[in-house]
Amino acid sequence: MVMVIIEIMWLRSGDITWKHAARFWTRIFAINFALGVATGIVMEFEFGTNWAAYSTFVGDVFGSALAAEGIFAFFLESGFLAVLVFGWDRVGPKFHCFSTLMVFLGSCFSAVWIVVANSWQQTPAGYHIVETIVGGAPMLRAEITDFWEMVFNPSSTIRLTHTLIGCMIMGGFAACSVSAFYLLKGIHEKFAKRCFVIGFVIATIFSLTALGTGHFQAKKVAFTQPAKLAAFEAHYETGPAGIHLWGWPNSETQTVEGGLVIPGMLSLLVHGNTSTPVTGLDAFPEEDRPNVWLPFQAFHIMVGFCFIFILLTLGSLFYMKGGKIFKTRWLLWIYTYMFLGAIITNQAGWIAAETGRQPWVVYPSVQHGVSMAGLRTSDGLSDVVVASQVAWSIALFALIYGLLFCIWVYVIKRIIQDGPLEDGVEISRASFFNPSGKKGSSKDV
Amino acid sequence: MFDHTTLAMIWFVITGMLLLAYLVLDGFDLGVGILHPVARTEKDRQIMMNAIGPFWNGNEVWLVTFGGVLFGAFPVAYSALLSGFYILFMLILFCLIFRAVSLEFRSQVSNKLWRFFWDWCFWFSSVLVTLIFGIIIGNSILGVPLSPNQTFMQSLGDQLNLYSLLIGVCFTSLFALHGSMFLFLKTEGELKKHIHTWTKRAFALFLVLFVITLFVTGYIAPRISTQVSTHPWIWLLVLLCAVAIVSMFVSLLRAHPTFAFLSSSCTIGAITLLFCAVMYPTLIYSSIDPALDLTIYNASSGEKSLNIMFIFALIGFPLIMTYTFVIYRVFWKSKPNENGEY
């Protein structure tokens with residue numbers, strides 16, 4: 001999104017600074033995308049390798065969403081990314097801008113289908129469970145009955161909006177972070193000021209909307225997955241409920257230790273009345289309850305950061321006038337590191353959503369008055385893969401991902417240190433790939 | 001729209017086409033990886049890597065889509081294959097990560113040791129991915145101990161049998177050949193001559209291995225021979241392979257790069273079609289009892305979702321073809337240099 005805006009600005013103004021800015025962000029994006037593809041393939045194959053029983057159960061529904069993602073999104077993204085990265089001088093600015101737009105669109109499609117698939121696991125709809133016979137053995141599986149009901153299942157729209165907004169916040173803060181860093185160092189100022197403003201506007205708008213969508217989403221969860229909401233707020237007993245600002249849930253004593261509570265707040269947010277009871281964990285049999293500590297903390301980290309974002313961005317509005325913010329060093333320092341906050345917030349949100357769903361991998365539901373069985377996470381595993389194989393593959397992945405992370409940090413750091421090209425400097429495309437070297441052949445653009 | 005039997009067939013064709021597209025397209029960039037140590041200078045290495053720069057990412061997407069479609073259309077086969085070949089697929093995944101990373105990170109730092117490390121990562125992962133794909137295909141031809149609960153458990157030692165290794169090596173030589181054709185098309189001068197020598201070597205190796213593979217397959221896999229004798233038209237595909245190989249040979253002699261690359265693409269295509277034809281309508285042969293085979297009928301999704309996905313495919317694939325074509329046209333004629341220019 002940030003990149004789309006920059007490219008459009010470049011196209012409209014023809015100003016070389018915009019072009020340099022676009023190149024800079026493309027470089028960062030390309031690295032992230034390469035890692036995304038590599039780790040994305042892992043995700044996709046993991047369904048089959050480690051969750052064979054799950055894949056067989058949901059293939060008809062989940063698989064078709066994934067196939068749609070492949071058909072509609074991936075080619076769009078990867079194909080036009082090639083134009084973005086390699087096509088600076090091979091295509092005109094209009095086509096280049098169009099490619100950026102296509103990559104953006106592809107990313108959105110991708111988010112649509114993957115969130116639809118995930119939401120279906122949370123709040124399944126538009127399906128029924130049938131028994132088929134394969135190789136003489138009966139097999140249960142979910143089959144689509146109504147496609148649009150499946151796509152627009154109770155939680156998909158709101159979760160998709162919330163997820164996209166989360167990504168926008170992250171993109172906005174990434175732009176702010178790098179720009180703030182340059183401003184502090186007093187380098188690339190023209191670039192930094194422009195990117196900062198774009199990032200800032202995006203971050204401000206979407207932090208506010210995130211709060212709204214978050215609220216509606218939580219309200220949805222209260223009805224579709226009450227156990228999950230109860231876990232988010234460590235609400236052990238059914239009754240009027242408050243909201244914890246922080247705390248340490250203890251499942252044995254069923255209390256939250258050392259927390260601060262706003263009484264009645266949860267009831268107010270969910271039912272519009274401070275005294276209406278909210279379903280607690282005691283309404284569910286022991287084996288159907290999620291773990292409380294992890295979703296609780298993840299949820300609170302996410303919400304906490306969202307408030308920090310809002311305070312920060314709204315507070316900074318005051319400093320924006322006349323560009324005062326570009327000289328306010330302490331604020332720029334906060335922005336430099338706030339990018340990390342945005343990453344943590346997105347991750348925490350997903351952790352809360354996924355751990356709160358446990359012990360189900362597909363939630364049980366009621367479809368047109370008929371109740372459908374869910375699928376327990378522990379029943380979704382591959383039964384031919386033994387624990388030791390899983391253990392070593394996890395260990396190896398942990399190692400590789402750790403290594404990748406280090407390299408990623410290193411490379412991103414280099415790109416940021418090199419920075420965008422300054423106006424009027426003769427640029428060589430070599431510097432695009434070989435940032436350190438002015439050794440490569442230079443060529444005017 | 002269509003009944004289940006027709007849909008199962010349609011989806012078998014689509015899945016097969018995706019596999020074909022993947023092997024033809026990713027085949028050349030994997031091949032460039034396999035040939036990587038052939039490059040003699042730092043400049044050549046960078047040129048070779050840059051040659052596949054704009055393409056490899058998009059090519060891998062065909063694998064992702066193949067996986068997604070297999071999951072959506074034939075979930076039972078998808079689960080059985082991936083969990084049964086667990087270790088092999090995990091190795092493929094590790095290698096694909098390292099390949100992506102070495103392509104992306106090598107050029108970022110000009111330190112010698114750094115580049116040396118990523119060069120070998122790139123080579124090793126390309127070879128291993130190709131080899132393992134071959135091994136998995138080899139095992140599919142042989143059949144796996146599919147049990148009544150639609151999964152199979154087989155030790156890695158059994159999966160690394162001689163026949164599968166033969167297919168793996170044959171695949172590796174084929175991809176190396178295909179990669180060299182691509183480089184032959186994309187390079188100039190001294191490097192081009194050097195590549196041409198290697199193209200000839202790869203061709204000779206592949207030809208020998210391919211002929212051996214054909215004979216061994218006929219001898220070792222009785223169900224394949226039955227399939228061929230009941231469907232004699234499969235010989236036409238064998239003929240197609242032969243024609244493509246001959247045309248590759250002719251264009252190599254005449255040093256006609258575009259034609260040579262097209263012929264090697266056709267060779268891979270014909271071999272994939274041959275593989276699909278000898279399997280049809282089975283997806284996974286059971287070595288225990290033919291009644292336990294996973295076929296396109298009993299391993300597929302329901303009629304409804306196959307229909308919906310078919311509509312997606314009707315809308316999506318023409319679009320994909322169009323812009324893939326546009327993007328290839330942007331980069332097709334030009335040649336890469338060491339600076340990542342295209």
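Just so it is clear: chains get the letters A, B, ... in the order the sequence lines come, proteins before strands, and each one is counted from 1.
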**Request:** Could you have a look at A:L81, A:L76, A:V83 and say which one has the most heavy-atom pairs with chain B under 4.5 angstrom?
**Result:**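 Heavy-atom pair counts peak at A:L76.
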[X], part contacting chain B, at a heavy-atom distance under 4.5 Å:
X      : result
A:F109 : neither
A:V411 : side chain
A:F80  : both

| request: Answer with side chain, backbone, both or neither: which region of B:F85 has an atom nearer than 4.5 Å to a non-hydrogen atom of chain A? | output: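 Looking at B:F85, nothing touches chain A.
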Taking side chain as everything from C-beta outward and backbone as N, CA, C, O, which of these in B:F312 sits under 4.5 Å from a heavy atom of chain A? Side chain, backbone, both or neither.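 Both parts, heavy atoms under 4.5 Å.
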Tell me which donor-acceptor pairs under 3.5 Å the side chains of residues 64-71 of chain A have, and how far apart each pair is, sequence neighbours excluded?
unit_1, atom_1, unit_2, atom_2, d
A:S64, OG, A:D60, O, 3.0
A:S64, OG, A:V61, O, 2.8
A:E69, OE2, A:S110, OG, 2.7

Could you tell me which non-hydrogen atom of B:G316 sits nearest to which non-hydrogen atom of A:F72, and how far apart they are?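 Where B:G316 meets A:F72 most closely, the heavy atoms are CA-CE2, 3.7 Å.
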Per-pair distances, 0.1 Å, donor-acceptor, side chain in residues 62-82 of chain B, under 3.5 Å, sequence neighbours excluded:
unit_1, atom_1, unit_2, atom_2, d
B:T65, OG1, B:V61, O, 3.0
B:Y78, OH, A:E44, O, 2.5
B:Y78, OH, A:G48, N, 3.4
B:S79, OG, A:A52, O, 3.1
B:S79, OG, A:T56, N, 3.4
B:S79, OG, A:T56, OG1, 3.0
B:S79, OG, B:P75, O, 2.9

**Message:** Just checking B:F124: does its CZ atom have more than 12 heavy atoms from other residues, nucleotides or ligands closer to it than 6.0 angstrom?
**Reply:**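 Count not over threshold, so no.
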Any non-hydrogen side-chain atom of A:F397 less than 4.5 Å from a side-chain atom of B:I97?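 When only atoms from C-beta onward are counted, B:I97 and A:F397 do touch, with a gap below 4.5 Å.
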Exercise for review: Would you indicate whether the side-chain heavy atoms of A:L403 and B:F98 approach each other to under 4.5 Å?
Suggested key: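 Counting from C-beta outward, B:F98 and A:L403 do come under 4.5 Å.
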query: What is the distance from atom CZ of A:F75 to atom CE of B:M321, rounded to the nearest 0.5 Å?
result: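 So the CZ of A:F75 and the CE of B:M321 are separated by 8.5 Å.
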Which residue out of B:I87, B:T324, B:L306, B:L18 racks up the most heavy-atom pairs below 4.5 Å with chain A?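 Between B:I87, B:T324, B:L306, B:L18, the count favours B:I87.
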Relative to chain A, which of B:I92, B:I320, B:L96, B:L103 shows the most heavy atom pairs under 4.5 Å?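 Looking at each option in turn, the highest pair count goes to B:I320.
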